[in-house]
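All residue numbers refer to positions in the sequence shown, counting from 1.
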Amino acid sequence: ALIVIGGNGSLAGAQVIAAEYDIPCVGRPGTIDNDLYGTDTTIGYDTALNTIMDCVDKDKPVIFHCSLGRDRTGTVAMMVLGLLGVPEGDISQEYELTQFSAHGYATSDGEKTKMTRTVDYKLAANYIWDNFVSEGESFADGVEKYLLQIGITQADIDKFRSNMLK
């Protein structure tokens, strides 16, 4: 059997291998994208958030980067900014700025150009709005509820906010 740890691309590749070569494949979600249908969190996503929280707790600088520079980092930035109380509309405007490029312009509403992928941080933002924000609550409330659900403690959230908003 082939054991594949990865995101939607890796697991799609495993499906092709299984179908074409009749090799049994086992897939394990392991991506910072957190974009796999049927999963709430994945290995890479949890690791990224906990690493950021640990660095802030130890008063160390945090830089996060991805090769494409917006889908993965946009999702992580959305979670951090949301947790700190930045309104989701402001986060969305900042994300839009990442769409400008010498190769073309794209928007996060699904328009396709050279720079656009079909998955972006808005999927995560909409997931939080739809599943974690009750009437009268803010986006920050939803982000906090989401983080608590995936195992980040209230003490860690409070410490993170305190350290970041000094």
Heavy-atom side-chain proximity of [X] to [Y] below 4.5 angstrom:
| X | Y | result |
| --- | --- | --- |
| Glu88 | Ser138 | no |
| Phe132 | Gln149 | yes |
| Phe160 | Asp156 | no |
| Arg161 | Glu144 | yes |

Minimum heavy-atom separation for [X] to [Y], with atom names?
| X | Y | answer |
| --- | --- | --- |
| Ile128 | Val143 | CG2-N, 3.7 Å |
| Val4 | Ala14 | CG2-CB, 3.6 Å |
| Leu84 | Met164 | CD2-CB, 3.7 Å |
| Phe139 | Val86 | CD2-O, 4.5 Å |

Taking CG in Asp130 as the centre, count heavy atoms belonging to other residues, nucleotides or ligands within less than 6.0 Å. Is the count above 12? yes
Please list, chain by chain and in numerical order, all residues satisfying salt bridge (charged side-chain N to carboxylate O under 4.0 Å, His left out) with Lys58, sequence neighbours excluded. Asp54
Residue set satisfying side-chain contact (heavy atoms from CB on, under 4.5 Å) with Ile23, at least two apart, ordered chain then number -> Leu2, Ile17, Tyr21
Euclidean distance, [Y] [atom2] relative to [X] [atom1], rounded to 0.5 Å:
| X | Y | atom1 | atom2 | result |
| --- | --- | --- | --- | --- |
| Asp57 | Asn163 | CG | CG | 6.0 Å |
| Met78 | Leu83 | CE | CG | 11.0 Å |
| Leu81 | Asp90 | CG | CG | 9.5 Å |

